Number of protein chains: 2
Amino acid sequence: MVKSGGGEPGGLIVQISGLLPSLSPAEQRVARLVIADPADAARRTITELATAAGTSEATVIRFCRSVGMEGYPQLRIRLAAEAARRIEPADTRVIGGDIPPDADMAQIIATIAFNDARAVEETAEQLDADTCEQVVQALANAKRIDVFGVGASGTVASDFQQKLHRIGRTAFYWPDVHTALASAALLSKGDVALGISHTGTTSDCIDVLRQARQQGATTVALTNFPRSPITEVADYVLTTAARETTYRSGATASRLAQLTVIDCLFVGVAARDRAATQRALAATAESVADRRINPGRRRG
Amino acid sequence: MVKSGGGEPGGLIVQISGLLPSLSPAEQRVARLVIADPADAARRTITELATAAGTSEATVIRFCRSVGMEGYPQLRIRLAAEAARRIEPADTRVIGGDIPPDADMAQIIATIAFNDARAVEETAEQLDADTCEQVVQALANAKRIDVFGVGASGTVASDFQQKLHRIGRTAFYWPDVHTALASAALLSKGDVALGISHTGTTSDCIDVLRQARQQGATTVALTNFPRSPITEVADYVLTTAARETTYRSGATASRLAQLTVIDCLFVGVAARDRAATQRALAATAESVADRRINPGRRRG
DNA sequence: CTTCATATGAAAGTAAGTTTCACTCGTGCC
DNA sequence: GGCACGAGTGAAACTTACTTTCATATGAAG
């Protein structure tokens, strides 16, 4: 299975939040401390950090390995480096994190926009170009593409299907599991099945990918959590990097991140045959032209 | 912002170069290594650094003390932090604008993410908090809310409807013009109709808002163009700030901007009754819990 | 109820960092 | 020239921090 987050450029903190659910309880306690204040963590010795997390040094070491570091000193200097980079103009700090109960509208807007923009940026940062490239190739060569996702991810799935369709690729989106499974059963080698699940634990989505894989199709997963179950049935894993705040279960940030990834894939596929794409796009644009009225001019 | 340990200001490297002449020969050799490549120095153990400088560990410790650090680990993390800070966004400027035909995947990702993040940020910047506040109030007090949008904007409209529904507001989304018009005809004073149209020229969308307004409902438009026709039938106009590139008619950036605005409204409405919202969200989350499987733990 | 895998901390073991101390070498004084 | 002295230094002793190993606890699967 090919991972997208694999290389570790910036965003160790983000990476850790992505791995959070796949960590053991004690490791999660460590992780949370680290995420909450990386600079502080970097200052502590392994024993201090272990005590603060209510666990043993051994667990801290295990945590280091879990997030891809060699040992504690390595983690420490990475954290110090990251912390240094994210020292922001003083008032930006208030913005990250959750929304206070008494927030006014301006604060709400600032916070959401900040989180959303960050999710997009950080997703792009950790996205592996090679994996994307391979996925794009698979998509470009597939006879048929099945896209699947439920709930919020379904919106993104449907969006991708429409995009692909517009540039002349044969793509389907099945909002319903049963039809999706039936369709997946008809895929064959060279075709692509793409499953979108933020948590990576949506059983429907996993089942569909598994089915597709059994038929020999190339399977691609798009999820926020690089070790979630869905990655086990995927040939390629693309990850988003959104840390959801508890408050906003609407999960917009993660959706934006997903859309960004999808858009990258789309543009990648489209770029492989620019001329054909332009033609197809023009045709589809024209088809809705008469549903628009002339833009009115108004005085300011 | 709190600085770590020593109480020394930034610029450790600079400080070291200043101290250079006052150091003993062996310490100077260490200092020069550190200045030449702080990041590399941070990566080495004290023994490695000592060997590289052709000296003993003891001298390295002395060097640490000479420059005001408590010990080697402290120096190490300070160096890592400083090194990180001086790595500057190398090619951020190249990124804006359109995608060249020969772009590789990494470029595509960078460009798209940049544009997407910008769209979100700029939208938030120009969004008027007062208008939002008024819209939020209208939404919070409405007996009924109709959301309308076609095509890509339809996705966003549907998303908003779902969000509102989840927190117990009575909201509808009509994918079809005729039903939408019929529904709008049943709105009355105090209700809200929200129309989403990127261009602001989608006649279907405008017609629905006009209808709603005639019934005395409060009308809200979400568009990218503040002087487009749709604004003439809207009591409140919320604008996004996305500059689409010609190439990407998929219009993802504008969609992200729309979603961000929608999310702000949603959180605004939700914040008015946090307790009730929490309860509703928990209930809806629970309802899908059995569609998820346990997050798998896999060894790294 | 047994078996197995997983998670965890205690303790043993190793490596890294720190201190101590003796040696060298240059300088100034008898 | 020989002697005392102090700065600079590294070897080795020492301490602390990090890592590994192992036994136990816990809980799920058979």
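Values reported hereafter were calculated over all heavy atoms of this structure, with side chains retained and with hydrogens, waters and symmetry mates removed. Chain A is the first sequence line, chain B the second, and so forth, proteins listed ahead of strands; every chain is numbered from 1. This structure is a prediction, so every number in the text was calculated from the model and none was measured.
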- Task: For A/Glu27 and C/dT6, give me the distance from atom CD to atom P, rounded to whole Å.
- Result: 13 Å
- Reading nucleotides 13-20 of chain D 5' to 3', which nucleotides get B (base under 4.0 Å from a protein heavy atom), which S (sugar-phosphate only), which -? ----SSBB
- Task: State whether B/Thr59 places a side-chain N or O below 4.0 Å from either non-bridging phosphate oxygen (OP1 or OP2) of D/dG8.
- Result: no
- Message: Closer than 3.5 angstrom, by distance alone: can the side chain of A/Glu82 be matched with the main-chain N or O of A/Leu79 as a donor-acceptor pair?
- Response: no
- Roughly how bent is the helix from C/dC1-D/dG30 to C/dC30-D/dG1 end to end, in steps of 10 degrees, with each end axis from five pairs? 10°
- Message: Strictly distance-based, threshold 3.5 Å: is any side-chain N or O of A/Gln161 a donor or acceptor partner for the main-chain N or O of A/Ala171?
- Response: yes
- Query: Does any N or O in the side chain of A/Asp191 come within less than 3.5 Å of the main-chain N or O of A/Ile145, such that one atom is a donor and the other an acceptor?
  - Reply: no
- Can you tell me how far C1' of D/dG10 sits from CZ of B/Phe63, to the nearest Å? 18 Å
- Is the distance from OP1 or OP2 of C/dT6 to the nearest side-chain N or O of A/Ser24 less than 4.0 Å? no
Taking only N/O atoms, report every protein-nucleotides 25-27 of chain D pair under 3.5 Å with atom names and distance.
none

- Task: Could you state the atom-to-atom distance from CG of B/Leu49 to C1' of C/dT18 in whole Å?
- Result: 15 Å
- Message: Do the side chains of A/Arg144 and A/Asp146 get close enough for a salt bridge, i.e. N-O under 4.0 angstrom?
- Response: yes
- Message: Whole angstroms only, please: what is the CD-P distance between A/Gln28 and C/dT6?
- Response: 17 Å
- Query: So, B/Arg29 side chain and B/Gly54 main chain: donor-acceptor pair closer than 3.5 Å or not?
  - Reply: yes
